[in-house]
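To keep things clear, I will list the structure first and then write my remarks on it.
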Amino acid sequence: TAARPALDALPERRWHCALPSPPTVWQSDGVRLVVGTQSGEVVAIDQEGNTAWTAHGDTSITALTQVGRDTIAGTASGEVLRFDAQGQLCWRQRCAFRPERTFWPWWFLATPMIASIAAGRDPRSGQEIVAVGTGSTSVNFLDGETGTAQADRISEYGLPDQILARLDPQQERLFFF
């Protein structure tokens, strides 16, 4: 009979990093871990567990994505912020809250909270596009370089809390799901 591993054995801790408040979301690109906190901090942590940089949003961080070495964060107040690899603010955009959504009230939140973020580069135009799902069941499309709002679409399927960016190389098109 083969020996079974001890159930009470804990994995070895590689590092520990104290956060300013409880984590709400996190994202890793394999090089660093970025954590959003309840009190609105965005903290980038390197592979050794050291804080590379800390930046601040206006409220709790509710969504994160990484684009290259940059980080895009969404907040509970509906703000989207882009930080460069050193944690410097590149741009900030407040997404519109759409209160006119009165049917199926369980599918939307009475808040502009950012529920998800995805980004990609359109191969035809070369433009980087950021898709942002909000609590009012809309998807805001922002210019990735400037943060300028490009479009605002109501989601027919409720809260857009999972958005993915996918490039179709055969059609040379960027899709958001």
Side-chain angles (χ1 to χ4, degrees), residues 8-97 108-121 128-149 155 158-167 174 176-177:
D8 59 349
L10 297 174
E12 183 179 335
R13 179 174 25 175
R14 287 189 55 194
W15 52 263
H16 172 83
C17 181
L19 296 172
S21 67
T24 51
V25 292
W26 54 87
Q27 181 83 40
S28 177
D29 62 3
V31 175
R32 65 192 165 135
L33 173 67
V34 180
V35 180
T37 71
Q38 196 171 42
S39 57
E41 289 88 10
V42 179
V43 182
I45 304 165
D46 68 18
Q47 291 180 329
E48 302 302 316
N50 301 310
T51 300
W53 55 264
T54 300
H56 302 279
D58 63 341
T59 57
S60 179
I61 306 300
T62 55
L64 288 172
T65 195
Q66 292 172 287
V67 180
R69 303 269 307 147
D70 289 4
T71 299
I72 303 175
T75 71
S77 70
E79 190 170 70
V80 181
L81 308 104
R82 183 172 186 149
F83 302 100
D84 68 14
Q86 289 74 44
Q88 297 300 308
L89 181 66
C90 299
W91 53 257
R92 153 187 328 248
Q93 173 70 30
R94 182 159 309 277
C95 290
F97 178 65
F108 84 103
L109 304 175
T111 172
M113 179 188 86
I114 304 303
S116 63
I117 303 172
R121 187 166 301 279
E128 186 178 77
I129 302 168
V130 178
V132 180
T134 73
S136 58
T137 69
S138 66
V139 179
N140 286 226
F141 294 93
L142 311 177
D143 180 302
E145 302 298 323
T146 66
T148 304
S155 168
L159 178 65
D161 60 349
Q162 298 286 324
I163 300 176
L164 298 173
R166 293 291 181 252
L167 181 63
L174 176 64
F176 290 98
F177 299 97

When rounded to the nearest 0.5 angstrom, what is the spacing between [atom1] in [X] and [atom2] in [Y]?
{"X": "Glu128", "Y": "Leu174", "atom1": "CD", "atom2": "CG", "result": "10.0 Å"}
{"X": "Asp70", "Y": "Gln88", "atom1": "CG", "atom2": "CD", "result": "11.5 Å"}
{"X": "Gln66", "Y": "Phe83", "atom1": "CD", "atom2": "CZ", "result": "12.5 Å"}
{"X": "Thr51", "Y": "Leu19", "atom1": "OG1", "atom2": "CG", "result": "7.5 Å"}
{"X": "Ile61", "Y": "Gln38", "atom1": "CD1", "atom2": "CD", "result": "11.5 Å"}
{"X": "Asn50", "Y": "Arg32", "atom1": "CG", "atom2": "CZ", "result": "14.5 Å"}

Under the 3.5 angstrom rule, does the side chain of [X] hit a backbone N or O of [Y] as a donor-acceptor pair?
{"X": "Ser28", "Y": "Gly30", "answer": "yes"}
{"X": "Arg82", "Y": "Glu145", "answer": "no"}
{"X": "Ser21", "Y": "Ser39", "answer": "yes"}
{"X": "Glu79", "Y": "Ala73", "answer": "no"}

For [X] and [Y], which heavy atoms make the closest approach, and how far apart are they?
{"X": "Thr134", "Y": "Cys95", "value": "CG2-CB, 4.0 Å"}
{"X": "Gly144", "Y": "Val130", "value": "CA-CG2, 3.7 Å"}
{"X": "Ala55", "Y": "Gly87", "value": "CB-O, 3.9 Å"}
{"X": "Gly120", "Y": "Phe176", "value": "N-CZ, 4.3 Å"}

**OP:** Using side-chain contact (heavy atoms from CB on, under 4.5 Å) as the criterion, list what pairs up with Ala63, not counting sequence neighbours.
**Re:** Ile114, Ile117
**OP:** Output all residues satisfying side-chain contact (heavy atoms from CB on, under 4.5 Å) with Gln93, sequence neighbours left out; order by chain, then residue number.
**Re:**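 Per chain and number, Gln93 pairs via side-chain contact (heavy atoms from CB on, under 4.5 Å) with Trp91, Leu142, Ala149.
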**OP:** Determine, stepwise, if the pair Val67 / Arg121 fulfils side-chain contact (heavy atoms from CB on, under 4.5 Å).
**Re:** CA-CA 10 Å; Val67 180; Arg121 187 166 301 279; over 6 Å; no
Original post:
Is there a side-chain contact between Val43 and Pro23, using heavy atoms and a 4.5 Å cut-off?
Top reply: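 The answer is no, as the side chains (C-beta and beyond) never meet within the 4.5 Å cut-off.
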**OP:** Could you check Thr65, Val34, Asp29, Asp84 and say which one makes a side chain to side chain contact (heavy atoms under 4.5 Å, CB included) with Thr71?
**Re:** Val34
**OP:** Can you spot which of Asp58, Thr62, Thr24 makes a side chain to side chain donor-acceptor pair (under 3.5 Å) with Thr75?
**Re:** Asp58
